[in-house]
Protein chains: 2
Amino acid sequence: MALSPRQIEERRTRQARIVSGTLSVYRSKGIEGITMDEIAKASGFGKATLYHYFPSKEEVITTILEDGWKSLWLEVSGVTLTGLSYREKLFNILKVLSAKVQQNPDLYKFLFKAPQIYPIVKSPDWESFQSRIYNRIESILKEGVEKGEFMNIAPEILMKAMGGIFHGLLLFGENQSTVHDEDLEKLMNQFIS
Amino acid sequence: MALSPRQIEERRTRQARIVSGTLSVYRSKGIEGITMDEIAKASGFGKATLYHYFPSKEEVITTILEDGWKSLWLEVSGVTLTGLSYREKLFNILKVLSAKVQQNPDLYKFLFKAPQIYPIVKSPDWESFQSRIYNRIESILKEGVEKGEFMNIAPEILMKAMGGIFHGLLLFGENQSTVHDEDLEKLMNQFIS
DNA sequence: TTAATATTCGACCGCTGATTCGTATCATAA
DNA sequence: TTATGATACGAATCAGCGGTCGAATATTAA
């Protein structure tokens, strides 16, 4: 018997509740503290019930990764770039990324930390979103360097350095005081040109 | 009965063998793959024997952290800074760090990754070495900014960004192609001034 | 030589955490 | 109203891992 629309809707709501419970466990107990018992407690279900909504813990994790990377990608892909200088293109992308990240830092910390700890996730769909983002940035860097708008250094290195700055500013340390667009822009401009 | 010098020496050798086995497990199986069974296999001892040389797994880990951070600090503290511009001071320090890190990337990846995963290591002696390094760099940044030699931005932010670059260039990704001093210098100069 | 100590190790113990079982209740289509 | 599936969950089960045990073998100070 097929599920009614309402039932499907409710299933989704409960899945979302579980996902959000998982993130709240992450927030309070760190990534090692994420156990099915804790997720159950935090999301208000019995432990066994979780398995009606996700086939495994891994699936909970990958759902978070996928939702997160996808939403970042949607943000990035929505940025209009036509008729802008490379510097502006780059900065516009970084700006939306930074806004998104700062609006829910724990989620985005999780996005970077989780894959280091649960290494071999089968069929990592989320990676495709991640690489779309990276590719878009990297190609801007590459063209910017070619056109002489950016400093003349191998684009891969530039990319790594950029990624590092982004990480350092937004995701490092406990108390990430908010980073303002002006600071970000200042640093990036300085860095890139 | 006290141990003879030779026995002490041999103990140390075996401890070193265990430490190095641990790092090789880390290299091949990642940080989650580090179990006492694996360490035993990799270092050529029976599991029980490990406990004659280290009281616990945690102690193996902290030994690695301590040795690593200490050796970084020794390198940094040996850099002469008198009579140099802030830019040169900074670059000289980064240069020795970079050399050290690139000469054994897995070890230094481990130095940064391990504390994220084994969070509450009692009496973390290694942290003192870490903070000595950070302090030395941060104070150069601070003075450089004050004296107007570096770009005018809050030194903490500069510090985070610097740390990020360093991470990004040297410790990120699987295939860290070697980063040459010239690139490092170019990036830093660009960035800082 | 011999008693004490150092060294070695596989098998076992206890715990933790993911997953499954068995069962009970609820909603709904026939 | 009743049979089927959806929902719920605490109690088992099972596996992996840190750490210990007990016994064997080597070394060495007397």
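Since the model is a prediction, treat every value here as computed from it, not as a measurement.
- For the pair A:Thr49 and D:dT7, the criterion of a side-chain N or O lying under 4.0 Å from OP1 or OP2 is not met.
- B:Thr35 comes within 4.0 angstrom of sugar-phosphate atoms only, judged by non-hydrogen atoms across all strands, and of no base.
- For the pair A:Arg14 and D:dT7, the criterion of a side-chain N or O lying under 4.0 Å from OP1 or OP2 is met.
- Rounding to whole angstrom units, CG of residue B:Asp37 and C1' of D:dA15 are separated by 13 Å.
- Neither OP1 nor OP2 of C:dA6 sits under 4.0 Å from any side-chain N or O of B:Arg11.
- Taking 4.0 angstrom as the limit, B:Tyr51 places none of its side-chain polar atoms (N or O) nearer than this to OP1 or OP2 of C:dT7.
- Using a 4.0 Å heavy-atom cutoff across all strands shown, B:Ile34 reaches sugar-phosphate atoms only and no base atom.
- Atom CG in A:Leu50 sits roughly 16 Å away from atom C1' in C:dC21 (whole-Å rounding).
- Between the side chains of B:Glu143 and B:Tyr86, at least one donor N or O lies within less than 3.5 Å of an accepting N or O.
- Using a 4.0 Å heavy-atom cutoff across all strands shown, A:Ile8 reaches no nucleic acid atom at all.
- The nearest whole Å value for the distance from the CD1 atom in A:Ile18 to the P atom in D:dA8 is 9 Å.
- Following rounding to the nearest Å, A:Glu38 (CD) and C:dT19 (P) show an atom-to-atom distance of 16 Å.
- With hydrogens and angles ignored, no donor-acceptor pair closer than 3.5 Å exists between the side chain of A:Lys57 and the base of C:dT19.
- We find that A:Glu138 and A:Lys142 are not joined by a salt bridge, their nearest charged nitrogen and carboxylate oxygen being 4.0 Å or further apart.
- One interatomic measurement links the two molecules: CZ of B:Phe45 to P of C:dA6, which rounds to 17 Å at whole-angstrom precision.
- Side-chain N/O atoms of B:Lys47 and base N/O atoms of C:dG10 include no donor-acceptor pair closer than 3.5 Å.
- The distance from atom CZ of B:Arg12 to atom C1' of C:dT7 is 18 Å, rounded to the nearest whole Å.
- Looking only at atom types and distance, the side chain of B:Ser131 has no donor-acceptor partner in the side chain of B:Glu127 under 3.5 Å away.
- The residue B:Tyr53 sits close only to the backbone: its heavy atoms come under 4.0 Å of sugar-phosphate atoms, none of a base.
- We find that NE2 of B:His52 is positioned 13 Å from C1' of D:dA26, with the value rounded to whole Å.
- Proximity of a side-chain donor or acceptor of B:Lys113 to a complementary backbone N or O of B:Gly30 within less than 3.5 Å is not detected.
- Note: B:Trp73 and B:Tyr134 fail the aromatic proximity criterion, with ring centroids not under 6.0 Å apart.
- When the P atom of C:dC9 is taken as reference, atom CD1 of B:Ile39 falls 15 Å away, rounded to whole Å.
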